[in-house]
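These numbers come from a predicted model, not from an experiment. Order of the sequence lines fixes the chain letters, A, B, ..., with proteins taken first and strands second; residue numbering starts at 1 for each chain.
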There are 2 protein chains.
Amino acid sequence: MAGRTQAERSDETTGRLVRAARRLFGARGYAPTSIDAVAAAAGVTKGAAYHHFGGKVALFRAAFVRELEEVSAALERAAGAEQEPMAALRRGCRTFLEHCLDPGFRQIVLLDAPSVLSWETVRAIEHDHLLRVLHDGLRVAVAGGQAADGDLPVRARLVFGALCEGGMLLARSQDPAADLPRLAAEADRFLEALRR
Amino acid sequence: MAGRTQAERSDETTGRLVRAARRLFGARGYAPTSIDAVAAAAGVTKGAAYHHFGGKVALFRAAFVRELEEVSAALERAAGAEQEPMAALRRGCRTFLEHCLDPGFRQIVLLDAPSVLSWETVRAIEHDHLLRVLHDGLRVAVAGGQAADGDLPVRARLVFGALCEGGMLLARSQDPAADLPRLAAEADRFLEALRR
DNA sequence: CTAGTTACGTACTCTCAGTATGAAACATGG
DNA sequence: CCATGTTTCATACTGAGAGTACGTAACTAG
């Protein structure tokens with residue numbers, strides 16, 4: 001393990017810590033997961049965690065950001081596969097609902113984040129990732145004349161709120177594969193409301 | 001303080017505890033509020049709290065239920081003042097958004113509850129109060145032929161999710177009185193989507 | 001009036017977040 | 001290559017707070 005640069009050491013350790021944080025915070029939730037447990041799962045001690053992160057909240061925040069980066073990438077990929085703006089929106093919504101089947105994502109992003117981080121913080125981070133994708137999709141639809149004009153940031157936020165609840169419902173279903181289309185149908189109904 | 005029955009003593013103490021819990025949990029949030037602080041604010045000690053409630057979570061749950069009872073009553077009152085089913089729905093949504101201006105409600109119900117209690121628990125309690133009102137409103141609208149048929153429990157949940165996000169947005173606004181109509185307009189647009 | 005139950009208060013334990021403090025591993029000027 | 005920072009961690013400690021054990025006072029039942 002000798003001969004590595006400081007940046008390499010840091011990246012290695014922070015990477016391991018964030019990965020472990022996502023696993024443990026995602027599996028057991030924020031409160032019952034000790035920072036020692038995360039450090040141990042990462043193969044280091046608490047000292048390393050407190051050196052690289054300000055505290056437990058900062059470590060959680062890093063895991064949260066990582067979750068959002070992943071889902072945003074998946075959304076952009078899915079929406080990019082459609083040409084029609086409204087079809088892209090529907091596809092993106094469906095992809096988000098599917099992503100909610102991941103228990104870690106639900107626990108970190110949908111359940112714990114608003115409580116652990118302030119709502120302002122969550123909103124800001126979500127805006128930079130998830131909401132930006134949704135907002136862009138809406139803007140394209142409006143520009144193309146396929147959706148009615150209005151307060152797009154607010155509209156994106158409302159759609160997002162509905163999708164989060166839908167994701168939790170889907171995850172709770174005993175047969176998600178069967179319920180996804182039904183849920184997507186109700187969600188599409190709301191998207192249809194935006195047609196001019 | 002002598003000569004009271006046991007039931008009176010219990011009711012007095014639990015009432016004071018739940019009121020104090022709503023105040024402190026609502027103002028500072030769940031995690032940074034110690035159970036000793038709640039007990040002190042209620043004029044008792046930790047022993048009383050642990051005697052009447054299973055623990056900190058159970059005390060929070062009682063405060064959460066109380067919040068939901070209040071908002072549900074407000075919703076039923078508001079919706080009951082309208083004859084038209086769709087108008088009652090719009091009125092109820094607007095009332096809910098206004099209720100979100102209460103910081104304690106936001107902190108307890110919208111931010112902390114999903115993290116502190118399990119989602120199953122939150123959903124069950126919300127179903128017995130808030131969601132029941134919304135669901136009934138939707139059912140009346142469908143029965144009257146004013147709204148399209150569909151999966152009403154799911155639809156109610158989606159609307160509820162959108163309203164929660166809207167409530168947080170409204171609270172964050174520096175001029176809620178001015179933003180409420182704009183927000184309600186976007187919310188109404190989604191309700192319009194349900195028209196057959 | 002006495003035995004039993006309920007409603008607390010007090011004093012403890014134990015976990016865990018956060019804080020030194022020091023020792024390695026690197027970096028940098030000579 | 002050496003000496004002196006600087007960064008990266010590990011280890012030992014502190015404090016706060018959730019939960020528990022136990023004792024005592026207030027009610028209840030016979």
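- Here B/Thr33 lies in heavy-atom contact (under 4.0 Å) with sugar-phosphate atoms only.
- The listed nucleotides are C/dA25, D/dG17, D/dC27; the one nearest the side chain of B/Arg9 is D/dC27.
- Residue A/Thr45 places none of its side-chain N or O atoms closer than 4.0 Å to OP1 or OP2 of D/dC9.
- Checked against D/dC9, D/dA18, C/dT6, the side chain of B/His51 finds its nearest nucleotide in C/dT6.
- For D/dC9, the OP1/OP2 oxygens have a side-chain nitrogen or oxygen of A/His52 closer than 4.0 Å.
- Between B/Phe190 and A/Phe190, the ring planes lie tilted relative to each other; the angle falls in the 30° to 60° range.
- Taking 4.0 angstrom as the limit, A/Thr5 places a side-chain polar atom (N or O) nearer than this to OP1 or OP2 of C/dA27.
- Each of B/Lys46 and B/Gln6 was assigned the nucleotide of DNA chain D with the nearest heavy atom; the assignment lying further toward the 5' end belongs to B/Lys46.
- At least one side-chain nitrogen or oxygen of A/Thr13 sits closer than 4.0 Å to the OP1 or OP2 atom of D/dC9.
- Going from atom OH of A/Tyr30 over to atom C1' of C/dC16 covers 11 Å, rounded to whole Å.
- Each of A/Gly47 and A/Asp36 was matched to the nucleotide of DNA chain C holding its nearest heavy atom; the match closer to the 5' end belongs to A/Asp36.
- A donor-acceptor pair is defined here as one N or O able to donate and one able to accept, closer than 3.5 Å; no such pair exists between the side chain of A/Thr5 and the backbone of A/Glu8.
- For the pair A/Arg4 CZ and D/dC9 C1', the interatomic distance rounds to 12 Å; values are reported in whole Å.
- If you take CG of B/Asp11 and P of C/dT6, they are 16 Å apart, rounded to a whole angstrom.
- Nearest-nucleotide assignment on DNA chain D puts the 5′-proximal partner with B/Lys56, out of B/Lys56 and B/Ala7.
- For A/Phe25 and C/dC16, the CZ to P distance is 12 Å, given to the nearest whole Å.
- In the displayed structure, B/Gln83 atom CD is contacted under 6.0 Å by at most 12 heavy atoms of other residues, nucleotides or ligands.
- Nucleotide C/dC26 holds its C1' atom 11 Å from the CD atom of A/Glu8, rounded to whole Å.
- Judged by a 6.0 Å distance limit and a 45° cone about the ring axis, A/Lys56 is not positioned over the six-membered ring of A/Phe25.
- Closest approach to the A/Ile35 side chain among D/dG19, D/dC9, C/dA17 is made by C/dA17 (side chain taken as heavy atoms from C-beta onward).
- Between the CG atom of A/Leu24 and the P atom of C/dC16 there is a distance of 13 Å, rounded to whole Å.
- In this entry the distance linking OH of A/Tyr50 with P of D/dT14 reads 17 Å, nearest Å.
- By the 4.0 Å N-to-carboxylate-O rule, B/Glu84 lies too far from B/Arg91 to be salt-bridged with it.
- If you measure from atom CZ of B/Phe53 to atom C1' of D/dA18, you get 16 Å, rounded to the nearest angstrom.
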